[in-house]
Amino acid sequence: EPILTVRGVSKTYKNGPTALKSVDLTVERGEIVALLGPNGAGKTTLISIICGIVTPSSGSITVAGHDALGDYKAARRAIGLVPQELSTDQFESVLATVTFSRRLFGRSADGGHVEQVLRDLSLWEKRHAKIKDLSGGMKRRVLIAKALAHEPELLFLDEPTAGVDVSLRRDMWNLVHRLRENGTTIILTTHYIEEAEEMADRVGVISSGELLLVEEKAALMAKL
Ligand code: ADP
Ligand code: ADP
């Protein structure tokens, strides 16, 4: 069964625009899918709905076999989300923040996973630092570590390289490759065609709330 199915999902914000118009999307386990579209196209809205942060106006969603709109908690446990903005308690240490994130999604015994994630993101040396004292780039790394702490099956990266320096880009790229080898499914949003092409197996193009097509990247690039 697919890790994600989205059927007829629409969203009209209160006093706002229709951000999504009957979106259908199926993602198989282990795929890397890029959602490509300009600012305002509806990418963040779609991710936020799948992650249970925003309620859709209509439609249905399953994540790892769970009804994401009904059994939200079970669906959410399968998901890791790397948002664009940092919303962490700034006064906690890196290690406490990432460990808490793991427990939040129902995993306690660690087995060295949190340490591994922190090492992969070059955060281990900074594990006792308070988030507020970190550089912007280091804060972005904490966001990624938080999302990976509970070993999600489906990882969302919202504009992963926006405002990110070269060394974090390289670490992120290596991480994406290693996660895929472990079978993690990854969905990222971007407004750069090059990023979609380099990182993804398939690309979905979103424009004005409509998911226009989802194709193998080679087929798509020939069309654009
Ligand atoms: P993208 O991530 O592709 O830039 P968004 O999903 O953020 O697009 O936005 C899609 C549309 O919905 C935009 O017109 C945006 O202004 C609008 N929008 C996003 N969030 C809200 C909100 N909370 N309330 C009202 N309108 C919103
Ligand atoms: P190498 O291991 O050869 O030094 P990298 O691991 O940094 O190279 O990157 C491998 C490939 O991925 C290169 O083609 C590089 O341009 C591309 N790449 C690296 N980071 C990103 C990124 N954030 N988005 C898209 N492509 C990237």
Side-chain angles (χ1 to χ4, degrees), residues 3-4 27 29-33 44 47-48 50-53 63-66 68 71-189 199:
I3 183 96
L4 173 68
V27 177
R29 286 175 189 273
E31 280 194 296
I32 301 181
V33 175
T44 301
I47 288 186
S48 301
I50 296 167
C51 295
I53 298 164
V63 176
H66 305 287
D71 192 0
Y72 149 77
K73 281 191 177 167
R76 188 61 183 83
R77 269 198 290 275
I79 293 175
L81 169 64
V82 183
Q84 291 182 49
E85 302 290 332
L86 194 82
S87 60
T88 292
D89 185 346
Q90 301 271 328
F91 294 92
E92 294 290 352
S93 74
V94 170
L95 182 60
T97 299
V98 175
T99 303
F100 177 77
S101 196
R102 180 177 173 88
R103 298 211 178 109
L104 189 64
F105 294 113
R107 292 196 192 249
S108 46
D110 181 325
H113 179 73
V114 167
E115 176 173 348
Q116 188 60 52
V117 166
L118 292 178
R119 286 192 185 282
D120 288 346
L121 287 160
S122 308
L123 282 169
W124 185 245
E125 307 301 317
K126 299 265 184 198
R127 65 190 177 282
H128 298 305
K130 304 244 185 295
I131 310 251
K132 66 177 174 62
D133 297 327
L134 298 178
S135 69
M138 282 291 173
K139 286 179 181 168
R140 292 288 294 256
R141 288 170 189 264
V142 173
L143 280 185
I144 301 168
K146 277 181 68 185
L148 293 174
H150 64 295
E151 301 171 63
E153 297 170 76
L154 176 59
L155 181 68
F156 287 96
L157 301 169
D158 198 2
E159 300 276 352
T161 59
V164 153
D165 64 27
V166 173
S167 94
L168 179 49
R169 254 173 214 244
R170 192 173 49 237
D171 284 1
M172 193 125 67
W173 187 246
N174 290 334
L175 196 68
V176 164
H177 278 288
R178 214 160 29 69
L179 288 169
R180 97 135 4 134
E181 280 162 20
N182 294 341
T184 306
T185 309
I186 299 170
I187 299 178
L188 62 109
T189 69
M199 295 183 91

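Source: prediction; values computed, not measured. Computation of the quantities below employed the complete heavy-atom set of this structure, encompassing side-chain atoms and omitting hydrogens, waters and symmetry-equivalent molecules.
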Output all residues satisfying side-chain contact (heavy atoms from CB on, under 4.5 Å) with [X], sequence neighbours left out; order by chain, then residue number.
X      : value
Leu104 : Phe100
Ala147 : Val82, Leu155
Ala68  : Ile61, Val63, Ala75
Ala74  : His66, Asp71, Arg77

To check you understand the geometry: which heavy-atom pair defines the closest contact between [X] and [Y], and what is its length?
X      : Y      : result
Pro152 : Thr184 : O-CG2, 3.8 Å
Leu134 : Ala129 : CD2-CB, 4.0 Å
Pro160 : Thr189 : CD-O, 3.3 Å

Side chain to side chain donor-acceptor pair (under 3.5 Å) against Ser93, all qualifying residues, sequence neighbours excluded:
none

Please round to the nearest 0.5 Å and tell me the distance separating atom CG of Leu157 and atom CD of Gln84.
11.0 Å

According to salt bridge (Lys or Arg N to Asp or Glu O under 4.0 Å), who are the partners of [X], at least two apart in sequence or on a separate chain?
X      : value
Arg76  : none
Asp158 : none
Arg103 : none

Donor-acceptor check, side chain of [X] to backbone of [Y], threshold 3.5 angstrom: yes or no?
X      : Y      : answer
Ser101 : Thr97  : no
His113 : Leu148 : yes
Thr185 : Gly30  : yes

Residues pairing under ring-ring contact (aromatic ring centres under 6.0 Å, His included) where one sits in residues 119-143, two or more places apart or in two chains, turn out to be none

Does anything in residues 138-166 pair up under ring-ring contact (aromatic ring centres under 6.0 Å, His included), and if so which pairs, sequence neighbours excluded?
Phe105-His150

If you apply the rule side chain to side chain contact (heavy atoms under 4.5 Å, CB included), what do you find for Lys130 with Glu92, and how did you get there?
CA-CA 5 Å; Lys130 304 244 185 295; Glu92 294 290 352; over 6 Å; no

Which pairs pass salt bridge (Lys or Arg N to Asp or Glu O under 4.0 Å) with one or both residues in residues 112-127, sequence neighbours excluded?
Glu115-Arg119, Asp120-Arg178

Quick one: are Val98 and Leu123 in side-chain contact, heavy atoms under 4.5 Å?
no

For a 4.5 angstrom cut-off between non-hydrogen side-chain atoms, does Ile79 reach Cys51?
yes

Charged N to carboxylate O below 4.0 Å: is that the case for Arg180 and Glu31?
no

Would Leu168 and Thr161 count as a side chain to side chain contact (heavy atoms under 4.5 Å, CB included) if you check the C-alpha gap in whole Å, the side-chain angles of each, and the deciding distance to 0.1 Å?
CA-CA 8 Å; Leu168 179 49; Thr161 59; over 6 Å; no

Are Ser167 and Arg141 linked by a side-chain donor-acceptor pair shorter than 3.5 Å?
yes

